[in-house]
Amino acid sequence: MDLNLTLGGPQGGGIDTSSNMITRAFAAAGYNVFGVREYHSNIKGRHSYNHLRVKEERPRSLKYPVDILIALDPDTIFEHIEDVGEGTKIVYDKQFETSDLASARMIMRDTAKRIKETLQDEKLPLNIKGALQLMQKKGGSPIAVPFNEVVSSAISDGVPTRYFNTLGSAITLAIAGLPSEFGEESIRQVFSAKESVVAENIKVVKAAYEYCNNNKLAGKPIPKLPKKKRFLITGNDGSAIGKLMGGLRFQTYYPITPASDESSILEEHGAISFIENENRSLKDSGIVIVQTEDEISAVTMAQGAAITGARSSTATSGPGFSLMAEGISFAGMDEVPILITLYQRGGPSTGLPTRNGQSDLLFALNTGHGEFPRIVISSGDVEECIYDAMKGLNYAQRYQMPVLHLIDKNLANTSDLVPEIDSKRVKVSQVLATKDSESFRRYNLDTENGISNPGYLGKNIFWMTGDEHDELGHVTEDPDVRDRMMRKRFQKLKTVEDEVPMNDRAVLYGPSDAEITFVTWGSQKGVILDVMEDLKAKKISANLLYIKMFEPFPSEFVSKILKKAKLVIDVESNMLAQAARVIRTNTGINIEKSILKYNGRHITEDELLESAMNIYNNRKEEKLEEVLENGA
Amino acid sequence: MDLNLTLGGPQGGGIDTSSNMITRAFAAAGYNVFGVREYHSNIKGRHSYNHLRVKEERPRSLKYPVDILIALDPDTIFEHIEDVGEGTKIVYDKQFETSDLASARMIMRDTAKRIKETLQDEKLPLNIKGALQLMQKKGGSPIAVPFNEVVSSAISDGVPTRYFNTLGSAITLAIAGLPSEFGEESIRQVFSAKESVVAENIKVVKAAYEYCNNNKLAGKPIPKLPKKKRFLITGNDGSAIGKLMGGLRFQTYYPITPASDESSILEEHGAISFIENENRSLKDSGIVIVQTEDEISAVTMAQGAAITGARSSTATSGPGFSLMAEGISFAGMDEVPILITLYQRGGPSTGLPTRNGQSDLLFALNTGHGEFPRIVISSGDVEECIYDAMKGLNYAQRYQMPVLHLIDKNLANTSDLVPEIDSKRVKVSQVLATKDSESFRRYNLDTENGISNPGYLGKNIFWMTGDEHDELGHVTEDPDVRDRMMRKRFQKLKTVEDEVPMNDRAVLYGPSDAEITFVTWGSQKGVILDVMEDLKAKKISANLLYIKMFEPFPSEFVSKILKKAKLVIDVESNMLAQAARVIRTNTGINIEKSILKYNGRHITEDELLESAMNIYNNRKEEKLEEVLENGA
Amino acid sequence: MAHNFKSDVTVDWCPGCGDFGILTSITQALSELNLDPHNVVSVSGIGCSGKTPHYLNIGGIHTLHGRSIPFATGVKLSNPNLKVIVPGGDGDMLGIGAGHFVAEGRRNSGLTIIIFDNEVYGLTKGQAAPTMQLGEKTKGLSRANIFGKVNPIALALASGYSFVARGFSFDMKQLKEIIKTAILHEGSSVIDVLQPCPTYNNINTMDYYRKKVYKLEDDKSWDPVVTGESMDKAIEQFQKAYNKGLEWEERIPTGIFYDNRAIPSFTKRLNEFVPQYFKNPPSDQIVSGVDGFTPVDVVKTFADKTI
Amino acid sequence: MAHNFKSDVTVDWCPGCGDFGILTSITQALSELNLDPHNVVSVSGIGCSGKTPHYLNIGGIHTLHGRSIPFATGVKLSNPNLKVIVPGGDGDMLGIGAGHFVAEGRRNSGLTIIIFDNEVYGLTKGQAAPTMQLGEKTKGLSRANIFGKVNPIALALASGYSFVARGFSFDMKQLKEIIKTAILHEGSSVIDVLQPCPTYNNINTMDYYRKKVYKLEDDKSWDPVVTGESMDKAIEQFQKAYNKGLEWEERIPTGIFYDNRAIPSFTKRLNEFVPQYFKNPPSDQIVSGVDGFTPVDVVKTFADKTI
Ligand SMILES: Cc1ncc(C[n+]2csc(CCOP(=O)(O)OP(=O)(O)O)c2C)c(N)n1
Ligand SMILES: Cc1ncc(C[n+]2csc(CCOP(=O)(O)OP(=O)(O)O)c2C)c(N)n1
Ligand code: SF4
Ligand code: SF4
Ligand SMILES: [Mg+2]
Ligand SMILES: [Mg+2]
């Protein structure tokens with residue numbers, strides 16, 4: 001099975017619950033589900049949608065046209081005109097048929113204008129019927145469901161609209177051919193706490209199946225697969241889990257999309273459970289999460305905590321990260337171990353605050369005035385988020401510098417079913433204070449690898465200052481000590497290169513020799529791996545140079561691969577091909593072909609494949625740039 | 001004549017006045033004087049010094065060993081042990097001879113330790129006498145002057161110490177052979193307002209000359225040169241003057257070294273005088289300078305003013321610049337014309353707050369989250385500061401984007417005698433609001449060069465938002481408009497490339513074909529030009545690729561020069577050779593030889609020449625890096 | 001026809017949101033004052049509240065979270081003839097923007113600051129704003145609020161604002177009048193508006209406030225206007241305003257707490273040494289000479305730098 | 001021998017600077033409290049005042065301009081058993097740092113904040129600090145101060161600080177006692193210290209203050225301690241503190257204005273839901289299992305995420 005479906009409705013209207021229901025139903029039947037959430041910067045009313053993909057094996061990307069489009073409001077039909085194709089079933093409430101475009105005021109003006117033009121071009125009426133006709137032209141089959149009737153037939157009392165989400169989900173499941181029991185099971189999971197709610201919703205599920213059966217909508221039953229325990233988590237969850245496993249005990253944050261979910265998750269799981277065979281005294285340990293007054297406070301407060309010995313971190317997104325620049329420079333200068341999780345969203349400025357972007361890489365690499373060492377890493381799927389967060393905390397501790405962990409919004413809001421979390425994959429070493437002495441040299445220059453023994457307030461007496469300092473941490477302006485301190489600090493980056501395995505810095509997926517070499521970072525990893533399979537089917541071999549650590553940059557490794565590559569295509573969710581620039585800076589190699597997307601939406605398998613083929617077919621040309629445009 | 005002299009004393013002890021006196025005395029005799037100020041981050045007591053160079057033609061760099069070292073405190077003698085050589089005259093107060101190193105507590109500990117070791121290595125006593133002996137070994141001749149006696153002999157009453165600065169300066173002038181009248185003239189200029197003070201100080205000057213004559217210290221009289229009107233200004237002054245000429249009418253700042261002097265200068269000259277033939281109504285115009293509560297406010301308040309049509313700017317330094325990142329991203333997104341003058345000092349963090357650095361280039365190029373266009377320019381001498389500030393304001397206005405103007409601390413505190421300020425060198429066009437209309441499209445997409453007609457609050461009704469926006473300036477999340485707005489904004493950078501002459505972006509000094517090609521930016525320009533002359537004398541031809549605009553980068557021009565260059569040496573005041581990195585990013589060309597200095601002190605001609613020769617002599621080696629260390 | 005000050009942009013606040021009442025009060029105040037729409041601008045930060053400028057048919061800047069005050073100050077000081085309205089969230093103004101809020105009190109530039117006081121961070125999904133009471137647990141929170149509350153009236157007074165008031169978003173009549181007085185006030189004004197957020201704040205609801213609010217002006221002896229004639233009276237009025245500002249538990253006063261007309265505005269202070277400041281402000285200056293070059297006489301202006 | 005809390009670093013303040021008196025008061029207070037030097041730390045910002053930690057022989061962080069409060073809060077919340085002293089300039093605390101200053105009032109973490117109130121920006125050469133009076137022209141300024149003054153006492157009270165006091169740097173005896181009480185205070189305290197800067201401020205000199213200051217404690221009826229037993233009394237005490245805080249022109253009160261022991265500190269609030277917070281704070285937690293891997297049971301901790 002390979003099922004793509006999009007579920008759309010008004011923000012705040014329960015789309016997430018519906019999509020959770022669908023995911024859990026398929027999961028209960030042993031399937032794998034992968035999904036991404038798209039929403040406006042708005043609390044109630046504007047269009048939001050979840051794009052899900054269901055497969056036996058684990059999906060790792062999404063694809064248009066979708067198989068089922070579930071519209072929980074008229075806007076969804078207008079917004080997704082382009083996303084249907086041969087065989088797409090469009091499920092919607094029959095009532096919508098009276099809606100017209102002019103009254104869909106929550107659609108962004110320019111979007112509405114575009115939809116209008118599209119309909120006009122096709123000489124179709126500017127309303128839902130026109131939109132559905134267009135969809136039909138594209139091969140879609142509209143399925144009008146009388147939502148109110150079906151729900152009313154099932155529930156004894158209460159407002160029917162309250163159950164429309166459940167109905168939409170259940171109809172989808174029925175159409176997909178998933179036996180009703182799994183839909184019911186998912187209801188139990190989603191509304192676990194409230195028995196009466198469960199009962200009512202199950203009635204609605206049953207009614208949905210009955211309606212589908214009666215109207216010949218129900219799909220061919222799909223088989224039940226062996227079910228295993230799995231984690232249903234997003235990139236936000238992954239990072240939170242990794243941090244907790246990685247020893248995080250202090251996190252600060254100032255609310256911002258899409259970063260603050262991570263902190264809320266940590267807050268909700270702040271009372272840690274320890275494994276049985278560990279010291280009993282650990283049994284009740286907690287983590288401190290502080291909502292600060294701004295991001296300047298977040299990045300500096302976390303450092304204050306770090307200086308007492310707690311593993312600490314903060315998480316933010318573009319605008320907040322900008323505010324952290326000065327604090328990050330301090331952490332670099334003063335060798336403070338701190339992990340900063342940077343959730344990238346569409347910029348610049350407030351930009352597209354709830355949309356995807358990978359436009360903060362160059363900024364992360366260069367943020368903060370003056371020269372200081374930092375580590376910059378990036379994750380490309382939900383599982384990586386977990387282990388990278390752990391490693392990030394380890395790096396910060398070991399190398400005593402700021403570590404920036406980049407996660408893009410797409411990944412933050414990707415929900416995935418992760419089969420296992422391996423607590424033995426990454427070691428976590430205890431934070432140990434140096435033995436105290438009369439004149440403890442916090443910034444001991446007598447070190448080969450640049451790492452001085454750390455000190456912790458409460459355990460050692462020492463000083464720190466953002467000014468250039470001597471070994472004790474007092475201000476100095478001595479030119480000679482200055483030079484030595486600068487060199488000591490940067491020496492640590494060499495040590496990182498010596499100690500961190502290449503696998504944690506860059507990976508080559510696929511055959512070592514290939515006709516196409518993709519280069520990417522972040523959440524495109526999955527979709528490229530899928531496209532590589534598609535290309536294989538077309539007898540075109542492809543591999544992927546996937547970059548995880550940008551500072552210190554794995555120049556040699558990357559150089560070696562790119563030098564022998566035949567056709568290199570850089571794929572990024574930004575406009576300037578930032579990773580390609582970093583590669584050029586570090587290796588001198590210029591990547592001439594790129595596929596870029598900067599409209600804030602997730603990259604889908606179909607569009608990426610098409611663009612890759614375009615480039616492949618025109619590979620003789622010196623420079624090619626494809627810009628992807630999928631997404632409502 | 002080529003006279004290098006260093007005048008040292010305690011911070012707050014009048015060193016600047018002394019050095020001003022010396023400068024004006026030589027200037028009065030028609031000579032040119034060039035100087036740099038070095039000082040601690042301290043208000044009173046720690047060592048500060050001015051290094052001056054006097055020549056017939058205009059000097060543009062400084063050189064060790066100095067010809068005269070004037071020590072107004074014992075610390076100066078200790079601190080400058082290394083700066084003397086064959087023929088250096090060390091003028092000091094005889095009283096200092098009883099001082100020892102242990103009691104010089106204002107010397108930074110590490111520095112004191114180093115001095116101690118130096119003296120110990122030479123088996124010399126750890127006091128002034130020891131230091132002077134070491135200086136003698138190096139070829140210096142100590143000149144002990146009984147300061148108290150000489151002053152007391154001259155003035156009728158008052159505290160003699162108050163005149164020690166004048167005495168020191170006057171003795172220097174006498175030793176240099178400058179007739180006493182010029183010393184007296186300089187007294188009149190420096191203490192212009194206070195007649196009695198002038199009279200007393202002139203007595204001291206006379207006494208100084210008499211003392212020198214009596215003790216055979218007076219130098220051979222030097223000729224008086226024809227005198228012209230000149231401007232005695234620093235880089236700070238230059239930028240302020242340029243801004244005022246460039247139409248600046250609103251400047252914000254938060255105090256920070258070495259930026260805030262610029263704002264104080266503007267404040268003091270805020271009531272503008274206009275030239276005669278201009279409209280009478282201009283006669284009384286003023287400029288608004290606001291000291292803000294922080295740099296976030298500075299960068300955003302200046303934008304508020306810009307949006308009403310005032311040419312506006314702010315000036316800051318590293319830590320403050322870090323805080324501006326978010327605001328700069330807004331200016332990029334919203335196309336706000338604003339000039340930000342970034343005075344670079346030694347970083348990272350608080351770093352070496354009163355010392356030189358060029359370590360903010362990469363940060364300036366990448367500051368602010370997300371992708372937006374910006375212009376980054378840099379000045380290399382005091383005159384350039386003037387015209388670049390004017391151009392910077394012009395660029396901001398024309399291209400509607402943030403313009404970052406980089407000036408290094410060395411340049412900010414360089415004092416130079418500028419013969420002329422040419423008000424016709426750079427055109428200044430009037431800020432004009434677009435004709436108002438019902439639905440004024442501030443962000444009109446219908447533009448080839450990316451530039452939409454600007455609107456100004458008070459004159460037009462329109463909107464702005466840091467979110468992605470439509471043509472009217474309202475929030476949009478439409479994927480298509482998003483893409484078009486992104487491209488429109490970046491199109492402006494192409495327009496900059498089309499419109500700005502290459503001379504304003506990069507310049508090749510010297511022969512087009514040379515054995516050594518230096519690459520630099522900022523205040524090294526002068527010293528490299530001097531070293532080029534030195535090399536010529538050694539029959540080695542050299543030229544200089546001098547970069548002024550880093551974004552958009554003049555890639556082709558730079559590429560062409562570097563590709564045919566024989567031996568390229570990058571010279572920068574930072575550790576990471578940042579300009580060389582920018583060159584690599586933009587051209588793929590890797591510069592393998594570099595001369596770097598990051599101890600915060602100015603680069604001197606002697607050390608640069610020596611390092612250049614080292615590299616030249618070992619040019620067969622693949623990679624060479626020289627680190628410069630001059631300076632107390 | 002008088003300008004109605006409403007733009008045609010879709011308002012996307014939640015149904016029942018208190019923001020609607022504030023928006024209407026603003027447009028009505030502007031209409032009734034019959035201001036030229038070119039002479040009023042609005043400058044906001046980020047938040048649900050931050051969207052306000054788009055809904056007003058006057059020039060508007062929707063700036064950065066917490067930075068509306070400095071942006072607005074720039075507008076005002078560069079063109080002192082504009083009326084500048086600054087709608088902002090309580091998080092925006094008193095959380096991330098508190099530093100600017102305090103600084104503006106010292107400046108008194110002449111901004112009309114309207115705080116949308118919903119006790120939560122609306123747009124980021126209901127976290128506690130600085131105005132939320134210690135221990136309060138709204139539905140958006142997973143645990144009771146751990147922070148103390150800052151009282152906007154007390155903070156505004158301590159910061160030096162010369163006009164301090166409180167409105168209630170469901171009493172548009174009073175709020176509109178307060179806004180009108182504030183706009184006409186020469187210095188900077190702060191209006192704290194009790195604004196129910198039905199989506200995230202189920203404690204400070206419309207009903208909650210309806211039961212508690214009362215109007216200061218209903219007490220005929222209430223006199224917030226300080227003329228500066230008597231210093232003692234001024235001090236007493238300030239203290240009264242402050243003490244009234246502390247009232248909250250039982251009943252919540254609305255209306256004008258303090259209206260000091262004696263403190264000179266920043267623009268007036270600037271006018272003391274910036275030549276022709278009001279007549280020829282930075283926004284309107286001629287910077288290009290008749291020949292297209294600078295009209296500045298450098299030698300004269302920088303006479304002290306010549307030798 | 002008791003630790004004398006003085007480091008051997010050269011103090012490079014100007015001769016006659018009020019900072020010396022504050023430094024001495026701090027070291028004496030620490031000595032007299034007989035604290036273990038490992039259990040006290042100091043965290044400063046940037047300015048002349050910011051250099052203080054280097055002069056104290058306890059762990060110290062000389063952080064960024066305006067950011068001492070968040071850094072210090074991180075230290076305190078991560079290790080609530082430490083005493084955290086926060087010396088800061090008036091520009092540092094009430095200018096660039098005002099946002100954090102207000103926020104810390106809401107937290108009440110348990111910091112001892114000492115404001116070096118010299119009315120100028122010392123280290124950057126004498127610009128007006130937010131504490132300088134409107135129209136004042138000190139020798140460091142080229143024109144009279146154009147900004148209003150913020151009153152640290154009023155602002156601290158409005159922000160919610162539970163301990164607010166004022167000292168005078170040339171009255172080390174009183175200042176030392178205030179610092180001692182503040183250090184023992186559980187919540188956050190603010191001590192505004194009148195600190196002459198002879199180099200840049202020729203108005204607020206030692207003599208100027210000597211003539212004006214008087215001690216609150218000299219009035220035997222003065223009672224700043226709020227126990228929380230009577231709400232009415234508490235409100236009255238707050239108002240008294242506030243009104244006293246406004247006094248300035250004629251005479252300047254020093255001493256403790258407000259000492260509220262009823263407001264729980266942030267660490268106490270955290271302790272309500274962070275298991276074993278005081279016993280096993282973040283700074284001291286074991287994060288590595290016996291086998292060198294995480295001791296966290298992921299499945300149990302994130303049970304809600306499993307299906
Ligand atoms: C620097 C920065 N940090 C965080 C955010 C995310 N953010 C958007 S709105 C908001 C808070 C909104 O709360 P409030 O100011 O009270 O306004 P309301 O939505 O309640 O009207 C935050 C934190 C941001 N835009 N910028
Ligand atoms: C972000 C930033 N902006 C500006 C500065 C420059 N700066 C250093 S000290 C200082 C002000 C000091 O004044 P105050 O805080 O009152 O301390 P004082 O020197 O008077 O003790 C400033 C603005 C800085 N270090 N960092
Ligand atoms: S979230 Fe609250 S404040 Fe925001 S629009 Fe909705 S109801 Fe209004
Ligand atoms: S400048 Fe003022 S505050 Fe700073 S050390 Fe000197 S006297 Fe003290
Ligand atoms: Mg709010
Ligand atoms: Mg101060």
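To find a chain, count down the sequence lines: A is the first, B the second, and so on, and within it residues start at 1.
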(message) Heavy-atom cut-off 4.5 Å, strictly under: side chain, backbone, both or neither for V582(A) against chain B?
(response) neither

(request) Please look at R345(A) and chain B and tell me whether the side chain, the backbone, both or neither of the residue comes under 4.5 angstrom of a heavy atom of that chain. (result) neither

(message) Does any part of the side chain of T354(B), heavy atoms only, come nearer than 4.5 Å to the side chain of E477(A), both counted from C-beta?
(response) yes

(request) Sequence neighbours left out, what passes side chain to side chain contact (heavy atoms under 4.5 Å, CB included) with R484(B)? Give chain and number order. (result) L445(B), D480(B), R487(B)

(request) Using side-chain hydrogen bond (donor to acceptor under 3.5 Å, both in side chains) as the criterion, list what pairs up with S322(A), not counting sequence neighbours. (result) H369(B)

(message) Once side chain to side chain contact (heavy atoms under 4.5 Å, CB included) is applied, do any residues pair with T465(B), and if so which ones, sequence neighbours excluded?
(response) D467(B), H469(B), V475(B), H54(C), H62(C)

(message) Could you tell me if the side chain of E468(B) sits less than 4.5 Å from the side chain of P353(A), heavy atoms only?
(response) no

(request) Give a yes or no on whether the backbone of N574(A) and the side-chain of E371(B) come within a donor-acceptor separation of less than 3.5 Å. (result) no

(message) Heavy-atom cut-off 4.5 Å, strictly under: side chain, backbone, both or neither for F321(A) against chain B?
(response) neither

(request) May I ask you to test the L365(B)-L362(A) pair for a side-chain heavy-atom distance under 4.5 Å? (result) no

(message) Strictly less than 4.5 Å between heavy atoms, which residues of residues 584-592 of chain B line up against chain A? Please order them by number.
(response) R584(B), T585(B), G588(B)

(request) Of all the heavy-atom pairs spanning G347(A) and M486(B), show the shortest one and how long it is. (result) O-SD, 4.5 Å

(message) With a 4.5 Å cut-off on side-chain heavy atoms, are R114(B) and P479(A) touching?
(response) yes

